[in-house]
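Worksheet: the structure to be examined is printed underneath.
Numbers here are sequence positions counted from 1.
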Amino acid sequence: MACDDGAFASFAARSRRCLPRLFADYVDRGAHGEWTMARNRSAFRQWGIVPRGLRDVSRVNTAVSCFGQTWKTPLMLAPVGFAGMLHSDREVGGARAAAQCGVGMAISTFSIDSMEDVAAAGAAPFAQIYVFRDRALTRDMLARAAACGIPGIIEMGWTASLRHQCAMMEVH
């Protein structure tokens, strides 16, 4: 039984009604010809959710420990560049929600809110940091992450550039 992504399509349609087209396209589109996005969707369609009735669920525990943190579920808010443009609470609001729900979070290098402000919101986020040609910039970001108590780094090995967003530039 493949996972039905109808709920996601419905959510995307509702968000398109609320967001300016530029922002909705940013969320809907993928980098590099959308190849990875297509592969991910294909892979998730191969998974199934099999209901198992008449089971004792009084002691279900979905908690997971990851890099010294314990989350209520094995999920986390992924780093999304410029996520702060999608909601008035920006990434700080996402951090607060993650902390309240007990899920992990990673902040993007290209966040609207600073990593210091997001870390202060209580989520203890990981930081996605690109290795820039300007290594001093990269070192500064790593030092800032350490100074505000960010417990882990998601290193981005490929160069940060807008070239991978060609589809977005073509649309607008």
Inset, instruction - Please round to the nearest 0.5 Å and tell me the distance separating atom CE of M37 and atom CZ of R39. - result: 14.0 Å
Legend entry - Atom of S111, atom of S108 and distance for their closest heavy-atom approach: OG-O, 2.8 Å
Legend entry - Heavy-atom closest pair, residues I150 and A127: CG2-N, 3.7 Å
Legend entry - Distance-minimising heavy-atom pair for K72 and T62: O-OG1, 2.5 Å
Inset, instruction - Identify whether V118 and V103 are in the same connected component of the hydrophobic contact network (ILVMFWY, side-chain heavy atoms under 4.5 Å). - result: no
Inset, instruction - Kindly determine whether S114 and R144 satisfy side chain to side chain contact (heavy atoms under 4.5 Å, CB included), including the steps that lead there. - result: CA-CA 10 Å; S114 71; R144 286 175 51 212; 4.1 Å; yes
Inset, instruction - Look up atom CG in D117 and atom CD1 in I112, then write down how far apart they are to the nearest 0.5 Å. - result: 12.5 Å
Inset, instruction - Please check if the side chain of R90 supplies one atom and the backbone of H87 the other of a donor-acceptor pair under 3.5 Å. - result: no
Inset, instruction - May I ask you to decide if Q128's main-chain N or O and T109's side chain share a donor-acceptor pair within less than 3.5 Å? - result: yes
Legend entry - Cluster link F110 to L22, ILVMFWY, side chain under 4.5 Å: yes
Legend entry - Salt-bridge criterion met for R139 and D134 (N-O under 4.0 Å): no
Legend entry - Heavy-atom pair of closest approach, residues P151 and P125: CD-O, 3.2 Å
Legend entry - Value rounded to 0.5 Å, distance of CZ in R45 from CG in N40: 11.0 Å
Legend entry - Spacing of E91 atom CD and M105 atom CE [to the nearest 0.5 Å]: 6.5 Å
Legend entry - CA sep, side-chain torsions, deciding dist, call: S58, D56, side chain to side chain donor-acceptor pair (under 3.5 Å): CA-CA 6 Å; S58 62; D56 180 7; 2.6 Å; yes
Legend entry - Spatial distance of atom CD1 (I129) from atom CE (M115) [nearest 0.5 Å]: 4.5 Å
Legend entry - Nearest-0.5 Å distance, CD of residue Q69 to CZ of residue F126: 4.5 Å
Inset, instruction - Compare every heavy atom of L19 with every heavy atom of L86, then report the nearest pair and how far apart it is. - result: O-CD2, 3.8 Å
Legend entry - Closest heavy-atom pair and its distance - T73, V64: O-CG1, 3.4 Å
Legend entry - T138 side chain to V131 backbone, donor-acceptor under 3.5 Å: no
